[in-house]
Amino acid sequence: MKKILLIIFLFSVLLTSNQISASEIELETNAMANKEIRAQVDKIKTKRIIIANALLLDSAQIKKANEIYSSVIEKEAVILEQLLKEQAILKSMTKETHTFAQRRAQRKIVFELQNSLRTIENDVDKQFKKLLKHNQKVKFDRLKKEINISDY
């Protein structure tokens with residue numbers, strides 16, 4: 001009985017220490033994360049502007065493209081923020097303090113967030129391609145491969 005209580009106590013201490021380290025990581029990386037999020041969002045916007053300029057969009061296409069992009073940029077920023085936090089947690093996990101299953105679960109969270117960003121990007125691309133003429137679509141596909149839009 002004493003062994004069981006000791007194991008429960010040690011397990012609770014381990015869980016508490018993991019929560020503290022995760023919150024410490026969050027506090028330390030919050031300021032840095034905001035800069036990184038802004039940088040990533042700016043990078044996404046820049047790539048979209050480069051592509052739009054290269055495709056020689058008319059004013060109606062530009063207006064619709066801006067509507068498409070502005071509708072998703074907030075979602076992307078929220079997911080990017082969460083992704084940076086989860087990546088920091090994953091990076092801080094060590095073999096000594098976390099099991100393989102815990103690290104694998106954290107990697108899965110990071111992977112799912114990256115997939116969410118890719119899904120948004122693919123949806124935006126589909127909507128954007130609907131605005132384009134045939135020759136613009138061909139050029140868009142080529143530019144997308146050259147610039148490699150998805151960095152997640």
Step by step, work out the side chain to side chain contact (heavy atoms under 4.5 Å, CB included) result for Leu132 and Lys139.
-> CA-CA 10 Å; Leu132 304 177; Lys139 193 172 185 180; over 6 Å; no

Side chain to side chain contact (heavy atoms under 4.5 Å, CB included) evaluation trace for Leu57 with Phe128 | CA-CA 11 Å; Leu57 302 178; Phe128 182 72; 3.9 Å; yes

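Taking 4.5 Å as the limit, every side-chain heavy atom of Glu146 sits out of range of all side-chain heavy atoms of Ile51. Here the side chains of Leu131 and Gln136 are not in contact, with every heavy-atom distance at 4.5 Å or above. Contact check for His134 versus Val138: side-chain heavy atoms found under the 4.5 Å cut-off.
Shortest non-hydrogen contact noted between Ala54 and Leu143 is CB-CD1, 3.5 Å. Minimum interatomic distance between Phe140 and Leu55 (heavy atoms only, all atoms of both residues): N-CD2, 3.6 Å. Contact record, Asn122 with Lys144: OD1-NZ, 4.2 Å, taken as the closest heavy-atom pair. The shortest non-hydrogen separation linking Gln61 to Lys133 is NE2-N, 4.1 Å.
Here the options are Lys75, Lys47, Lys126, Arg48, the test is salt bridge (Lys or Arg N to Asp or Glu O under 4.0 Å), and the partner is Glu121; only Arg48 passes.
Checked by atom type, the side-chain pair Gln40/Glu76 shows no donor-acceptor distance below 3.5 Å. Counted by atom type alone, Gln102 and Gln106 present zero donor-acceptor pairs between their side chains at under 3.5 Å.
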Ignoring hydrogens and angles, write down the donor-acceptor pairs under 3.5 Å from the side chains of residues 64-72, residues two or more places apart or on other chains.
{"unit_1": "Asn66", "atom_1": "ND2", "unit_2": "Ile62", "atom_2": "O", "d": "3.3"}
{"unit_1": "Ser70", "atom_1": "OG", "unit_2": "Asn66", "atom_2": "O", "d": "2.9"}
{"unit_1": "Ser70", "atom_1": "OG", "unit_2": "Glu67", "atom_2": "O", "d": "3.2"}
{"unit_1": "Ser71", "atom_1": "OG", "unit_2": "Ile68", "atom_2": "O", "d": "2.7"}

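The line from CZ of Arg107 to CD of Gln114 is 12.5 Å long, rounded to the nearest 0.5 Å. Put simply, CG on Leu80 and CG on Leu117 are 5.0 Å apart, with the number rounded to the nearest 0.5 Å. Taken to the nearest 0.5 Å, the CD1 atom of Ile89 stands 11.5 Å off from the CG atom of Leu84.
Side chain of Glu112 to backbone of Ile109: no donor-acceptor contact under 3.5 angstrom is found. With hydrogens and angles disregarded, a donor-acceptor distance shorter than 3.5 Å links the side chain of Arg103 to the backbone of His98.
Hydrophobic clustering (side-chain heavy atoms under 4.5 Å, transitive across Ile, Leu, Val, Met, Phe, Trp, Tyr) groups Ile50 together with Ile44.
Partners of Asn115 under the side chain to side chain donor-acceptor pair (under 3.5 Å) rule, at least two apart in sequence or in another chain, are Arg118.
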